[in-house]
Protein chains: 2
Amino acid sequence: MMKDEKKQERQEKILVEALKLFTEKGYFNTSVSDIQTASNLSVGTLYNYFHNKEAIAVTLFSNIENCLYEALCAIEKKHAGACDRCKAIIRHLYESTERNAASMQYLFYTKHREFMEVEKSVFTSLPFVKMKEIVLQGQKDGEFRKIEPDVAMMAIFGGPIRMIYQRIDGLLAKPLPQYLEESWECAWRSVRA
Amino acid sequence: MMKDEKKQERQEKILVEALKLFTEKGYFNTSVSDIQTASNLSVGTLYNYFHNKEAIAVTLFSNIENCLYEALCAIEKKHAGACDRCKAIIRHLYESTERNAASMQYLFYTKHREFMEVEKSVFTSLPFVKMKEIVLQGQKDGEFRKIEPDVAMMAIFGGPIRMIYQRIDGLLAKPLPQYLEESWECAWRSVRA
DNA sequence: GTCTATATGACGATAGAC
DNA sequence: GTCTATCGTCATATAGAC
């Protein structure tokens with residue numbers, strides 16, 4: 001029996017290569033054979049690790065989602081007010097995009113519904129529920145204007161998320177963190193009480 | 001020889017059905033056979049109207065893009081300041097989404113790069129260039145704060161565009177125009193001089 | 001567990017009769 | 001111009017040897 005460590009490592013390799021391919025060429029333009037080749041494994045072995053192509057996509061999504069969710073929980077703990085929390089979240093998203101564009105691209109930029117049974121939309125997933133909670137709390141505490149919560153949510157994060165899309169598409173000259181102050185100021189002005 | 005009118009009508013039918021299928025199931029989950037069946041045509045006939053599946057997608061994109069571009073030009077003519085223009089644009093986008101969700105979904109929500117040779121991103125296409133022009137003019141005229149133009153652009157339109165995504169995903173209870181005033185107020189507060 | 005070889009089926013696109 | 005029938009290709013997934 002193979003050591004668990006080695007097994008883990010191989011699974012990780014598959015996920016990394018799949019993520020790279022999915023974000024570069026898209027899910028449907030990536031064949032199982034592509035993933036297998038990039039991972040230096042045979043087809044049979046790949047199917048030993050994942051039940052099918054969709055399972056790879058689902059695992060990837062779930063991993064990235066959980067990772068972001070934990071980061072958001074840490075931010076929530078570290079900062080007190082909704083204002084500080086939201087800014088920290090945007091900073092985290094910007095920095096994550098620079099550090100690991102593929103993950104962010106896969107999370108935000110992919111129409112998961114087209115190939116995964118799950119998910120209504122990324123925006124119903126755990127991290128975004130948490131973000132909404134923070135915004136609602138901010139309204140309750142009088143930090144944010146008491147407008148329609150969906151509008152407030154999108155006023156704060158809509159701009160920064162769009163910045164992330166633009167960066168991923170190669171349409172922004174500078175790294176995202178360099179836009180942080182200005183784009184946060186805009187978000188803040190739009191909803192502060 | 002068939003009357004041009006009838007020919008036009010059939011081509012239109014193909015485009016309408018293709019748009020419906022592409023937005024419901026996605027481009028890759030839609031087969032040429034699906035389009036052909038929905039259009040009440042044979043495969044052969046369909047290939048007589050379009051060179052291949054991609055050509056249908058390209059024509060669709062181009063039609064919707066032009067239609068939006070013309071609407072933006074009309075708005076530009078009708079309104080004087082950048083502020084009024086931007087609000088009118090957002091109103092137009094909101095109303096279009098309610099009237100014809102599929103078109104807006106196809107324009108905004110589709111990763112065209114994955115199946116079309118063209119386009120870096122929707123955001124480099126004509127309508128969005130026009131939007132950026134309007135924002136730049138607004139900064140020049142002192143209506144908008146003189147921050148990084150990309151940030152200003154996304155501060156204004158990022159929130160509303162995200163609202164459109166949410167509506168398309170069925171995550172907003174009310175029709176978009178009912179959020180217009182509040183979401184415009186947010187956008188405006190974020191960038192006004 | 002890992003490999004190679006292959007079954008199965010779908011899809012895009014064409015050929016050729018009418 | 002329109003149809004039916006079909007071809008070639010390729011992708012997913014499995015079988016079975018090692």
Side-chain angles (χ1 to χ4, degrees), chain A residues 1-61 110-118, chain B residues 1-61 110-118:
Chain A
M1 182 180 159
M2 191 180 246
K3 279 198 298 184
D4 274 8
E5 197 183 306
K6 171 100 180 181
K7 226 181 132 181
Q8 188 73 25
E9 202 175 273
R10 278 197 161 179
Q11 172 144 343
E12 196 56 37
K13 174 78 173 165
I14 295 169
L15 289 172
V16 167
E17 296 301 330
L19 176 61
K20 213 180 292 178
L21 288 161
F22 288 167
T23 48
E24 270 168 19
K25 321 201 309 174
Y27 178 83
F28 291 101
N29 293 320
T30 301
S31 69
V32 173
S33 164
D34 289 336
I35 301 171
Q36 169 248 119
T37 305
S39 310
N40 281 317
L41 294 173
S42 65
V43 212
T45 305
L46 192 143
Y47 275 96
N48 190 35
Y49 282 85
F50 292 95
H51 180 246
N52 56 24
K53 186 178 159 187
E54 186 185 331
I56 301 176
V58 171
T59 305
L60 262 179
F61 182 77
T110 307
K111 299 184 67 181
H112 304 92
R113 296 223 55 186
E114 285 185 6
F115 53 87
M116 283 167 45
E117 291 292 311
V118 263
Chain B
M1 184 182 160
M2 191 180 244
K3 277 198 298 183
D4 274 9
E5 198 182 305
K6 172 99 179 185
K7 227 181 135 181
Q8 186 74 24
E9 204 174 89
R10 277 196 163 179
Q11 171 144 343
E12 195 56 37
K13 173 78 172 167
I14 294 168
L15 289 172
V16 167
E17 296 302 329
L19 175 62
K20 215 181 288 178
L21 288 162
F22 288 166
T23 49
E24 271 167 18
K25 322 201 309 175
Y27 178 84
F28 291 100
N29 293 321
T30 300
S31 68
V32 173
S33 164
D34 289 336
I35 300 171
Q36 169 248 115
T37 305
S39 310
N40 282 315
L41 294 172
S42 66
V43 212
T45 305
L46 193 142
Y47 275 96
N48 190 35
Y49 283 85
F50 291 95
H51 180 245
N52 56 22
K53 187 178 162 187
E54 187 185 331
I56 301 176
V58 171
T59 305
L60 262 179
F61 182 77
T110 306
K111 299 184 67 180
H112 304 93
R113 294 224 58 185
E114 285 185 6
F115 52 87
M116 281 166 47
E117 291 293 310
V118 262

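Naming: A, B, ... by sequence-line order, numbering from 1 per chain.
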- Task: Calculate the interatomic distance between A:Asn48 atom CG and D:dC18 atom C1'; express it in whole Å.
- Result: 15 Å

- Which part of the nucleic acid, if any, lies within reach of A:Ser31 when heavy atoms closer than 4.0 Å are counted: base, sugar-phosphate only, or nothing? sugar-phosphate

- Would one find a side-chain N or O of B:Arg10 under 4.0 angstrom from OP1 or OP2 of D:dG1? no

- May I ask you to test the A:Gln11-A:Lys7 pair for a side-chain heavy-atom distance under 4.5 Å? no

- Send over the distance from B:Gln36 CD to D:dT2 P, rounded to a whole Å. 13 Å

- Nearest whole angstrom, please: distance from the C1' of D:dA13 to the OH of A:Tyr47. 5 Å

- Contact under 4.0 Å: A:Thr45 side-chain N or O vs C:dT2 OP1/OP2: no

- Take the protein atom NZ of B:Lys53 and the nucleotide atom P of C:dT14, then report the distance between them rounded to whole Å. 15 Å

- Take atom CG of B:Asn40 and atom P of D:dG1, then tell me their distance rounded to the nearest Å. 19 Å

- Message: I need the CD-C1' distance between B:Glu54 and C:dC11, as an integer number of Å.
- Response: 16 Å

- Return the nearest nucleotide to the side chain of B:Asn52; candidates are C:dA13, D:dT14, C:dC3. C:dA13

- Salt-bridged, A:Lys13 to A:Glu17, with N to O below 4.0 Å? yes

- Side chains of B:Asp34 and B:Thr37, donor plus acceptor under 3.5 Å: no

- Item | Separation of C:dC11 C1' from B:Phe115 CZ (nearest whole Å) | 17 Å

- Message: Side chain of B:Ser42, heavy atoms from C-beta onward: which of C:dC3, D:dT4, C:dT14 has the nearest atom to it?
- Response: D:dT4

- Any side-chain donor paired with an acceptor under 3.5 Å for B:Asn48 and B:Thr45? no

- Is the NZ or CZ atom of B:Lys53 positioned over B:Phe115's six-membered ring, under 6.0 angstrom from the centre and within 45° of the axis? no

- Message: In whole Å, I'd like the distance from the CG atom of B:Leu46 to the C1' atom of C:dG12.
- Response: 11 Å

- In terms of side-chain heavy atoms of B:Tyr49, which of C:dA13, D:dT2, C:dT2 is nearest? D:dT2

- Item | B:Lys7 side-chain N/O to D:dG1 phosphate OP1/OP2 under 4.0 Å | yes

- Closest to the A:Val32 side chain: C:dA13, D:dT12, C:dC3? D:dT12

